[in-house]
Amino acid sequence: MALLSFWACVLIVCFSLSLGEAANLSDLYPPLWEESPGQFSEYRVENGKSIINPWIYPERMGMYKILLTQTARYFEKFAPENENNILWGLPLQHGWQYNTGRLADPSQRTDCGYESGDRLCISVDSWWADMNYFLCALPFLAAVDSGIMGISSDQVILLPPPKDEMKFCVNVSTCQSSIPIAMRKWNIFYKRLQSPFSSFEDLLKYLWDAHTQTLHDVFKLFEHRLEYYSKPEADFERTWLVDVDYISALRLPTTLTRIYELQKSMPPRMLVNGDKVPFISDFSQRQNVFLFILSLVRDVNNWTGSLSLTIWKYFLKTQNARVKTLEVIETILEKFNSASPE
Ligand SMILES: *[C@@H]1O[C@H](CO)[C@@H](O)[C@H](O)[C@H]1NC(C)=O
Ligand SMILES: *[C@@H]1O[C@H](CO)[C@@H](O)[C@H](O)[C@H]1NC(C)=O
Ligand SMILES: *[C@@H]1O[C@H](CO)[C@@H](O)[C@H](O)[C@H]1NC(C)=O
């Protein structure tokens, strides 16, 4: 039990939970949020169909913006200004990918995504961009399918990427046939969302279910992309995939303020050869510690043949345990924060 509590603590020690009041929530929005399309009519429209190119950053971000807007009504009861919309985690994560150069062409054969080239371009060769595609297209299309978006599925077209077209489903029917389980889980999430009886905890559960299912279903398709990256970055990508399961079991509330704070612990740039966690000199102490913990969790998961995940999930089975765990973490976190001023 003591060991488990320890894990509970370390896992989230860096997810800052004691949040300062944001002066203005719009300061927390991901990059280019204001500039991204917020409704279907702001995209190119042909024959009554909106045409979206998810391989251009503001266009993909716009899909999230529409999704967040259309689901806002279900979250009004939890907080004003859509702050507690738990779908915020997705666009914020995508914004972090953009800010840190992770959407650029890792093979460097094109200038896609680079400051010196086409900064807004999202490279199909980027592992992060590919994984994120499914964490954008699936929640988006399942919302269309659930009738939440105010359009029917034949009124929107997602353009395929310039290569590997066959790997990417582009509409409700192709996604349902190529990634059926994850699509179903997103649909279940929206069903729960539309029910007046769902609690915030319930919604988090179904959201994380759909999220982790999506990653599990597609990561094999893009494993070979890891070859493009430095060893530390590729390791981080593998680690992230494993650790998402641990975070999911905690049902981390993916609200605007929470995830904004969490992301301060994320690496502010791509990892390069020579980066040694937790001693990366241009990273904050908190970023170093966070990376260190992530890799520790990954190692333990590997050593125990993921028995540690089973135990972790078992330990966090009840809401009470999760709340207690978060409380413990909060206490430790306050100490940690005061010990490491940024
Ligand atoms: C918050 O920021 C937005 C956009 O910058 C602005 O329109 C709005 O008036 C601000 N709200 C407050 C309360 O300062
Ligand atoms: C979905 O996409 C596939 C592949 O591009 C296409 O053949 C099909 O007609 C599309 N279906 C709808 C309903 O748009
Ligand atoms: C897991 O452990 C095995 C055996 O020790 C090792 O070969 C493998 O690289 C490890 N995998 C990861 C992802 O660390």
Side-chain angles (χ1 to χ4, degrees), residues 36-75 85-91 93-94 122 124 129-195 198 202-203 205-222 254:
S36 300
Q39 42 195 340
F40 288 104
S41 59
E42 291 175 41
Y43 286 95
R44 189 156 61 92
V45 179
E46 273 173 28
N47 302 324
K49 297 174 201 276
S50 297
I51 300 171
I52 303 179
N53 184 349
W55 301 93
I56 299 174
Y57 174 78
E59 297 210 15
R60 191 183 290 192
M61 194 49 96
M63 295 165 70
Y64 284 132
K65 196 169 167 184
I66 296 174
L67 183 60
L68 266 288
T69 307
Q70 294 295 323
T71 52
R73 59 184 179 273
Y74 305 112
F75 292 96
N85 190 327
I86 56 178
L87 288 161
W88 270 119
L90 299 169
Q93 187 74 0
H94 189 48
I122 298 180
V124 67
D130 293 338
M131 301 301 281
N132 176 262
Y133 177 83
F134 293 93
L135 287 176
C136 179
L138 264 51
F140 178 87
L141 291 170
V144 171
D145 192 38
S146 305
I148 286 174
M149 301 293 251
I151 59 160
S152 65
S153 59
D154 58 3
Q155 284 176 295
V156 59
I157 293 179
L158 300 185
L159 296 181
K163 67 171 220 192
D164 290 339
E165 204 173 304
M166 295 310 291
K167 288 187 198 283
F168 300 90
C169 62
V170 292
N171 55 36
V172 172
S173 50
T174 54
C175 290
Q176 275 172 346
S177 59
S178 62
I179 313 168
I181 303 174
M183 268 302 265
R184 197 151 55 236
K185 291 203 170 175
W186 283 109
N187 273 315
I188 291 172
F189 166 68
Y190 290 121
K191 233 182 218 97
R192 295 288 166 157
L193 189 59
Q194 289 167 296
S195 155
S198 297
D202 284 339
L203 295 178
K205 173 188 179 334
Y206 290 102
L207 178 80
W208 278 111
D209 273 359
H211 187 118
T212 50
Q213 186 71 47
T214 304
L215 294 175
H216 288 166
D217 286 357
V218 301
F219 92 97
K220 280 270 179 248
L221 284 174
F222 302 103
T254 44

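All heavy atoms count here, side chains included; hydrogens, waters and symmetry mates do not.
Contact between Glu59 and Ile51 at its shortest, heavy atoms only, is OE1-O, 4.1 Å. The two atoms that bring Asp154 and Lys49 nearest to each other are O-NZ, 3.2 Å, heavy atoms only. The shortest heavy-atom contact between Tyr64 and Leu135 is OH-O, 3.1 Å. In plain terms, the two heavy atoms of Ser36 and Gly62 that are nearest each other are CB-N, 3.9 Å. Considering all non-hydrogen atoms of both residues, Val144 and Ser152 come closest at CG1-C, 4.0 Å. The shortest heavy-atom contact between Pro91 and Leu68 is CG-CD2, 4.0 Å.
Between Leu158 and Asn171, the closest side-chain pair of non-hydrogen atoms is not below 4.5 Å. Counting only heavy atoms from C-beta outward, the side chains of Trp186 and Leu207 approach each other to under 4.5 Å. Using a 4.5 Å heavy-atom cutoff, the side chains of Ile179 and Leu138 are in contact. By the 4.5 Å heavy-atom criterion applied to side chains, Gln155 and Ser50 are not counted as neighbours. Contact of the Leu203 side chain with the Tyr74 side chain is not registered, since no non-hydrogen atoms from C-beta on lie closer than 4.5 Å. Contact check for Asp145 versus Tyr190: no side-chain heavy atoms found under the 4.5 Å cut-off. Using a 4.5 Å heavy-atom threshold, the side chains of Phe140 and Met149 count as touching. Proximity of Phe189 to Pro139: side-chain heavy atoms (C-beta onward) are nowhere separated by under 4.5 Å.
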* Asked: Are Asp130 and Phe168 close enough, and set up right, to give a side-chain contact (heavy atoms from CB on, under 4.5 Å), and what steps lead you there?
  -> CA-CA 9 Å; Asp130 293 338; Phe168 300 90; 3.5 Å; yes
* **side-chain contact (heavy atoms from CB on, under 4.5 Å) evaluation trace for Ile157 with Ile52** => CA-CA 6 Å; Ile157 293 179; Ile52 303 179; over 6 Å; no
* Please walk me through it: do Leu221 and Asp164 pass side-chain contact (heavy atoms from CB on, under 4.5 Å)? -> CA-CA 10 Å; Leu221 284 174; Asp164 290 339; over 6 Å; no
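The side chain to side chain donor-acceptor pair (under 3.5 Å) check on Ser153 picks up nothing, with sequence neighbours excluded.
Ring centers of Phe134 and Phe219: at least 6.0 Å apart, outside the cut-off.
Using a distance-only test at 3.5 Å, with no hydrogens or angles considered, a donor-acceptor pair links the side chain of Arg60 to the main chain of Ala129. The backbone N or O of Leu90 sits nowhere less than 3.5 Å from a side-chain atom of Gln93 that would complete a donor-acceptor pair. Judged purely by atom type and a 3.5 angstrom limit, Thr254 uses its side chain to pair as donor or acceptor with the backbone of Ile86. Side-chain atoms of Lys163 never come within 3.5 Å of backbone atoms of Val124 as a donor-acceptor pair (strictly under, hydrogens ignored).
A distance of 10.0 Å separates CG in Asn132 from CG in Leu215, rounded to the nearest 0.5 Å. The distance from atom CD1 of Ile188 to atom CG of Asp209, rounded to the nearest 0.5 Å, is 8.0 Å. The line from CG of Asn85 to OG1 of Thr69 is 9.0 Å long, rounded to the nearest 0.5 Å.
A donor-acceptor pair shorter than 3.5 Å cannot be found between the side chains of Thr214 and Asp217. Residues Gln176 and Ser173 bring no donor and acceptor atom of their side chains to less than 3.5 Å of each other. Side chain to side chain, Gln213 and Lys185 meet the donor-acceptor criterion of an N or O pair below 3.5 Å.
Residue pairs that meet the disulfide (SG to SG under 2.5 Å) test with at least one member in residues 131-160, sequence neighbours left out, do not exist here.
We find that Glu165 and Lys167 are not joined by a salt bridge, their nearest charged nitrogen and carboxylate oxygen being 4.0 Å or further apart.
Ring orientation note: the planes of Phe40 and Tyr43 are tilted relative to one another, at an angle of 30° to 60°. Using cut-offs of 30° and 60° on the angle between ring planes, the pair Trp55 and Tyr133 is parallel.
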